[in-house]
Amino acid sequence: MGTVKVLIIDHYDSYTNNILQLLQGSQTGQDGSPYPEWSVAVIRFDQFDWDTFKTELLPSLDAIILSPGPGTPKRESDFGFNSRLIKEVDIPILGICLGHQGIGTSLGATIINTPNIKHGQTAEIHHKAIGVLRDLPQRFWGVRYNSLVLDIESLPPDLEATAWTYDPEDSSRKVLMGLQHRRRPIFGTQWHPESVCSEHGAKILSNFRDIVLSYWATSRPANQWTSRSILPNATLPSHILNADVLLDEAHHSFESTTLRGVSVDGQNTPYYVASASLGKGPKPELVFQTLTRGSSADGEAWLDSAKVRDSHSRNSYLASAAFSLSYSIELGTVSVHQGGKITKSERLKGTYWHWLDHLQHELVLKNTQAILPESLNQDTEVGQPLLQVGLIGYFGYELKWESLPGHRYPDAEVERHDRPDSQLIFADRVLRLDNYTGEWTLFGLIRRGEQDPIGQAIEATSAVGLDEDEFADLVSRFRDAFDGLPSPPYVQPHPLPEFVALDNQDSYTSSIVQAKKAISEGETYELTLTTKFFAKSPDADPFALYLDLRGRNPAPYSAFLHFPAHDTTILSSSPERFISIDRNGVAEMKPIKGTLAVSPDPEEDLRRRNKLATDVKELAENLMIVDLIRSDLHNVSPSSSIKVPKLLHVETYQTVHQLVTTIQSQVAPTVGGVKVLERCFPPGSMTGAPKLRSVQILEQLEQQRRRGVYSGSLGYVCVSGTVDQSVVIRTIVKTGDELELGAGGAITWLTDEEVVETSLELKDARLALDHEQKHYTALSA
Ligand SMILES: C=C(O[C@@H]1C=C(C(=O)O)C=C[C@H]1O)C(=O)O
Ligand SMILES: NC(=O)CC[C@H](N)C(=O)O
């Protein structure tokens with residue numbers, strides 16, 4: 001018994017990495033020390049040409065797993081050289097979904113549209129208990145993500161049907177769910193054993209391993225009479241490991257139990273963070289407008305957590321900029337603003353993500369002694385990060401062009417505009433309000449001496465951070481202000497203006513029909529289709545509009561952000577966490593999928609809550625994104641650390657009920673917050689699955705329109721390494737006097753009598769902004 005060297009060939013699917021969770025077994029060697037059962041790498045199907053693959057990779061492999069994927073195995077652009085691999089090479093192969101279908105089509109079976117399309121739904125698997133299905137219970141549940149299927153009647157003599165299901169819609173018809181070759185070690189499962197809701201996935205993979213081991217242990221014609229010994233702790237050669245698409249730190253740390261040190265402990269860093277307690281104070285909306293707003297020419301932010309309901313919205317932060325950054329993909333340029341002027345403009349050679357990761361890691365983290373989390377005066381739960389000082393702002397959706405593997409910045413068609421794809425302030429002064437206790441704390445970034453490496457790097461005109469005296473002055477100024485805030489008038493809420501829909505009912509319906517067509521062809525399993533609404537508001541103070549929004553729809557990720565450099569103001573009432581990283585490096589993502597409006601009638605409301613918790617369509621929508629996010633987290637976390645502590649819970653906000661799942665993982669110790677954002681960006685709940693193909697289809701369906709800030713993420717990256725970012729939905733972006741609001745919803749095969757329900761979902765999103773007063777033009781208007 002030894003370590004099997006297996007290569008997973010990925011077809012740009014969003015579930016592939018989850019297979020790693022089924023390969024977690026370990027054995028004990030003769031000397032008593034444990035070793036992993038598998039040595040594994042993941043490559044993309046188009047990463048190597050056939051000749052290179054055959055000569056340079058294949059000889060080092062014991063087995064191959066062919067991943068699920070969009071499209072059809074009949075198309076080379078979806079399945080690459082894998083048909084040749086299946087036909088010509090004697091090596092154990094396990095195919096999942098697309099991989100399974102490809103085994104069939106390569107060896108002569110016919111692929112057809114499945115009689116009942118299922119994505120994110122469980123099927124009862126019946127099987128012969130042979131091959132990889134050995135020793136499994138007679139019936140078990142497997143999750144399906146397929147529009148296509150192999151015709152069970154068309155299997156050639158070499159292929160045996162090993163598993164099948166009966167759709168509830170037609171219980172007399174067998175639908176093929178599994179196959180194996182009669183002579184060669186080739187197996188396929190139509191369902192996804194790696195889904196969080198599938199049973200016995202690990203057992204299937206362990207059966208596959210036994211088969212691989214016995215295949216190589218025996219000499220037979222199929223392996224050209226060459227048995228090979230598989231050694232404990234064997235590993236794939238470095239040229240294959242280096243081709244792995246996952247971050248090395250995340251993937252190949254066999255088991256990472258080391259917690260990340262929070263920032264630097266040393267006493268000699270140029271900066272440190274100081275804090276001062278300010279006691280109880282006035283309401284945050286008053287503090288923001290009297291002390292924070294306008295306090296810096298480069299912008300300010302209020303991460304509001306307007307809805308105090310759980311640990312995730314315990315704190316509010318009011319922050320002022322020491323300088324701001326903006327980035328445009330089109331220009332490839334980062335600009336730094338300080339004192340209202342550009343201090344530096346840099347054309348990047350690499351991506352913005354890379355540049356920012358460097359800034360955060362090399363300039364900020366390494367030079368700053370953050371406050372130790374134990375001294376922050378607040379007990380936190382797992383997954384609850386705290387901000388001291390640091391970067392605050394947004395990452396627009398189009399940054400996907402720099403983050404999503406296989407996605408390229410298009411040279412034609414895409415809508416051009418001069419709005420930045422990301423804007424961030426670097427906040428060196430932050431007021432924190434603990435909403436539980438009402439206590440305020442001031443955090444400041446303090447320069448220990450003359451050194452100011454961050455200022456130097458951005459060619460600052462005035463130093464970044466404060467000296468000790470300045471901080472002491474600030475503390476006494478704030479204390480005085482808390483004792484007697486300036487008297488009214490304060491800014492009063494101003495009702496939101498009327499928004500007009502970009503799409504009308506017909507154009508939106510036509511996009512839904514096209515989305516469903518793409519789903520029926522197996523191109524995607526779920527698409528988050530979106531549209532926009534616009535309004536003009538030349539006179540209203542955006543802060544007054546924000547106060548109205550916050551009163552109407554308090555949400556855990558409510559926020560008000562102002563970036564003077566590009567005259568951008570963001571008014572957010574997002575309920576959705578994209579990703580956070582707490583002080584111990586625990587990442588948490590909380591995708592929302594499934595939305596129903598709250599009803600004023602308690603009976604009806606209960607009925608809606610129950611519907612959300614039990615509805616096949618809503619559960620499937622959510623599950624598809626849960627599996628996608630588990631797969632995303634594999635990019636930055638050891639597989640074994642990825643957990644789903646809360647699956648498919650109903651959470652109720654002011655105007656909507658939502659179906660929410662919590663996913664956590666341990667970020668690999670050397671992977672920084674910006675890298676984590678990059679590798680999980682854009683948020684899966686805004687794309688659908690699989691991510692890459694869905695994003696490409698959505699570009700077409702949305703007429704190459706930019707989503708902009710909407711659909712991206714918003715929040716902070718702290719000098720201590722913690723991160724908290726929301727998904728930008730239910731958010732108004734004001735540029736000049738134009739207000740823009742994006743809204744959308746997930747389209748799946750079950751988006752029923754399509755139009756009605758989806759328009760409703762859209763309306764819900766708008767209702768969230770305007771429940772009582774119906775300011776919005778109806779979509780059909
Ligand atoms: C696209 C939006 O929301 C997304 C889609 C949801 C859904 O389909 O139920 C729910 C939350 C978001 O992930 C939006 O609100 O604009
Ligand atoms: N999940 C998958 O691999 C799907 C395979 C194929 N695109 C289908 O829809 O049937």
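All ligand and atom numbering here is 1-based and tracks the order in the structure. One is the number of the first residue; the rest follow in order along the sequence.
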Would Q101 and Q190 count as having a side-chain donor-acceptor pair, cut-off 3.5 Å?
yes
Flag, side chain of K532 to backbone of R706, donor-acceptor distance under 3.5 Å:
yes
A student checking ligand 1 against A743 at a 4.0 Å heavy-atom cut-off should list atoms 16 (O)
Measuring from the heavy atoms of M686, does anything fall under 4.0 Å of ligand 1?
yes
One finds that the ligand 1 atoms under 4.0 Å from a non-hydrogen atom of G594 are 7 (C), 9 (O)
Under 4.0 Å from a heavy atom of Y710: give me the atoms of ligand 1 that qualify, with their elements.
1 (C), 2 (C), 14 (C), 16 (O)
N or O contact, T530 vs ligand 1, cut-off under 3.5 Å:
no
A746 N/O to ligand 1 N/O under 3.5 Å:
yes
Determine, for W749 and K118, whether the Lys NZ or Arg CZ falls below 6.0 Å from the six-membered ring centre while staying within 45 degrees of the axis.
no
Check E398 with R707, please: is the shortest side-chain N to carboxylate O separation under 4.0 Å?
no
Please check if any side-chain donor atom of T524 sits under 3.5 Å from a side-chain acceptor atom of S694, or the reverse.
yes
For ligand 2, the residues whose heavy atoms come within less than 4.0 Å (ordered by chain, then number)
P68, G69, P70, G71, C97, L98, Q101, Y145, N146, S147, L148, H192, G522, Y525
A student checking ligand 1 against R730 at a 4.0 Å heavy-atom cut-off should list atoms 3 (O), 10 (C), 11 (C), 15 (O)
Any salt bridge between E621 and K617, counting N to O under 4.0 Å?
yes
With a 4.0 Å cut-off on heavy atoms, does I592 reach ligand 1?
yes
Does an N or O anywhere in G745 fall below 3.5 Å from an N or O of ligand 1?
no
